[in-house]
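Notes follow once the structure below has been shown.
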There are 2 protein chains.
Amino acid sequence: MLGIDQIELDNFQRLLPETELLLRAAVREKAVDRRQDILCQGDTPQVTHLLLSGHTFRYRLLANGRRQITAILVPGDLCDLEAAMLGRANYGVMTLTYCSLAEIPCKRIIEQSINDRALLRLLLRRQLRDEAITREWLVGLGQRTSVERLGHLFCELWVRLNAVGLATADSFEMRITQVELAEAMGITAVHLSRVLREMRGAGLIRLSGGTLTILNRTELERLSGFEANYLQVS
Amino acid sequence: MLGIDQIELDNFQRLLPETELLLRAAVREKAVDRRQDILCQGDTPQVTHLLLSGHTFRYRLLANGRRQITAILVPGDLCDLEAAMLGRANYGVMTLTYCSLAEIPCKRIIEQSINDRALLRLLLRRQLRDEAITREWLVGLGQRTSVERLGHLFCELWVRLNAVGLATADSFEMRITQVELAEAMGITAVHLSRVLREMRGAGLIRLSGGTLTILNRTELERLSGFEANYLQVS
DNA sequence: CGCACAGTTGACGCACATCAACCTGGGTGG
DNA sequence: CCACCCAGGTTGATGTGCGTCAACTGTGCG
């Protein structure tokens with residue numbers, strides 16, 4: 001067991017304090033290049049990953065070749081708890097950027113969660129929040145236009161990144177291609193490009209060099225029907 | 001404390017054995033008429049509900065008046081764990097039919113889950129499965145046509161109801177209006193009606209008198225890309 | 001220089017939305 | 001017991017958001 005002491009904490013000093021519980025279960029830190037699978041759909045994983053720096057996403061591949069991105073993960077997030085706990089993965093996880101990940105063996109998290117009530121409570125809370133975010137994406141895909149959906153995503157990411165100290169007052173890093181953004185929004189890359197043009201034209205955002213700037217957050221939140229309460233952890 | 005002994009078990013004898021843990025925390029059984037809210041969006045709930053018989057659904061109301069149904073719940077399911085644990089509800093839960101519900105005070109489930117590791121593990125597992133279902137709906141809304149989506153829902157409901165002994169070899173009760181089905185599928189009721197006609201015409205299903213019959217399950221699963229593995233609890 | 005990848009634009013088509021009329025069966029009250 | 005009502009469902013006509021296909025541009029890199 002290595003545990004928290006061996007892990008370089010500089011990149012994520014502002015992660016929530018409770019995250020320490022997870023770090024204690026970790027055995028090592030791993031660096032992964034961008035656009036690498038850290039979990040392949042269909043695999044039986046041996047370790048689960050806590051994201052320390054960089055961004056990843058969950059996705060699901062369909063038989064017809066289409067792909068739906070189901071979550072974007074930021075530092076502090078558990079990438080693949082379900083796969084670890086249930087021993088099967090019907091989704092994959094891939095890095096968007098160069099990432100640092102804490103590896104926690106599935107065995108250990110399962111064994112430890114038999115006795116460690118604090119860990120169990122933490123996992124349950126994380127999982128409740130994770131589903132709240134998934135549900136919000138579902139609502140967007142079902143009822144919001146693509147402009148609203150994209151605006152909503154930008155607002156959500158800003159709040160989540162800001163909570164871990166990775167956003168400025170009006171911007172954050174977002175190294176994602178339009179193809180991937182489109183796969184998250186359930187639209188084509190061609191249409192996404194037009195949606196972005198519209199939002200730029202309306203003076204709502206600027207997106208260049210991997211940085212998204214929200215020029216008018218109040219207006220963007222209003223337009224996309226964003227309410228941050230589902231993101232609160234407590 | 002009443003607990004499991006006072007609750008009538010006839011209607012749900014085939015619920016998973018572990019559900020007993022939840023029943024022990026319940027204080028009373030409540031009967032609710034159809035189309036009643038058991039949790040209103042925005043409320044701060046005092047109790048959480050375990051569904052014993054009947055069907056309910058979760059929904060989210062948007063500012064523009066639209067509604068997205070985010071889950072359909074069947075006997076054995078926890079209707080509103082997130083609202084209970086986090087103390088706020090940004091979704092509502094409504095009955096589809098006459099329902100019997102076990103009420104568990106939020107206080108008790110929170111207090112009990114501080115010490116009861118078995119309960120915590122159960123809640124975590126339920127929550128993992130709940131998100132797996134939500135994620136599958138999300139994938140459908142993002143990447144599947146409305147025919148595939150509806151077929152997928154029918155396959156899912158059959159598996160879930162069959163698991164608790166509430167389906168025959170090829171049918172189950174489904175007392176839901178087309179407006180509600182449409183709100184779950186993210187389409188209009190008009191279009192849903194046409195989708196149903198198409199599926200009936202293709203000899204895939206029959207829907208009458210609140211009973212859905214799947215005439216060709218193999219074909220329906222193939223057509224909608226259904227794979228049941230995400231529904232397994234273990 | 002030339003290739004590969006990401007993004008943009010235009011033309012056209014389709015899945016689904018919208019609006020409106022109409023049908024149907026079960027429940028209610030006179 | 002019939003007249004009426006009304007929620008739920010069906011159908012047709014027309015509109016639109018987004019998909020598809022294809023060509024083109026910009027940019028970084030070997």
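In the text below, chain A, chain B and the rest are named by the order of the sequence lines, each starting its count at 1. Keep in mind that the numbers below use all heavy atoms, side chains included, and drop hydrogens, waters and symmetry copies.
Contacts of B/Gly209 with the nucleic acid, taken as non-hydrogen atoms under 4.0 Å apart, are absent. In this structure, B/Arg149 reaches neither bases nor backbone, as no heavy-atom distance under 4.0 Å exists between it and the strands shown.
Rounded to an integer number of Å, the gap from A/Leu196 CG to C/dT8 P is 7 Å. The CZ atom of A/Arg175 sits 12 Å away from the P atom of D/dG28 (whole-angstrom rounding). Nucleotide C/dC16 holds its C1' atom 14 Å from the NE2 atom of A/His191, rounded to whole Å. One atom, CD of B/Glu180, and another, C1' of D/dA7, lie 12 Å apart when rounded to the nearest Å. Between A/Asn64 atom CG and D/dT20 atom C1' there is a gap of 15 Å when expressed in whole angstrom units. Taking atom CZ of residue A/Arg144 and atom C1' of nucleotide D/dG17, one finds them 18 Å apart after rounding to whole Å. Spacing between atom CG of B/Leu150 and atom P of C/dC16 amounts to 11 Å, rounded to whole angstrom units. To the nearest angstrom, P of C/dT8 lies 9 Å from CG of A/Leu207.
Listed candidates were D/dC18, D/dT11, C/dA17. Nearest to the side chain of B/Arg197 is D/dT11. Nearest nucleotide to the A/Thr188 side chain, out of C/dG7, D/dG19, C/dT18: D/dG19. Listed nucleotides: D/dC18, D/dG8, C/dT18. Nearest to the side chain of B/Thr177: D/dG8. Of the listed nucleotides (C/dC16, D/dG9, C/dT8), C/dT8 has the atom at the smallest distance from the side chain of A/Arg200.
A close approach under 4.0 Å does occur between a side-chain nitrogen or oxygen of A/Ser146 and OP1 or OP2 of D/dC18. In terms of phosphate contacts, B/Arg35 brings no side-chain nitrogen or oxygen within less than 4.0 Å of OP1 or OP2 of D/dA7. Distances shown here put a side-chain N or O of A/Gln178 below 4.0 Å from the OP1 or OP2 atom of C/dT8.
The cationic atom of A/Arg135 (NZ for Lys, CZ for Arg) lies less than 6.0 Å from the six-membered ring centre of B/Tyr91 and within 45° of the ring axis.
Of the candidates A/Leu81, A/Val93, A/Asp80, A/His49 forms a side chain to side chain contact (heavy atoms under 4.5 Å, CB included) with just one, namely A/Asp80.
Side-chain atoms of A/Arg194 and base atoms of D/dT20 include a donor and an acceptor less than 3.5 Å apart.
Within a 6.0 Å sphere centred on CZ of A/Arg206, heavy atoms belonging to other residues, nucleotides or ligands number 12 at most. Other residues, nucleotides and ligands contribute over 12 non-hydrogen atoms within 6.0 Å of the CZ atom of B/Arg35.
Toward the 5′ end of DNA chain D lies the nearest nucleotide of B/Arg34, the other residue of the pair B/Val190 and B/Arg34 mapping further downstream.
Listed for the A/Arg126 side chain is no donor-acceptor partner under 3.5 Å among the backbone atoms of A/Asp77.
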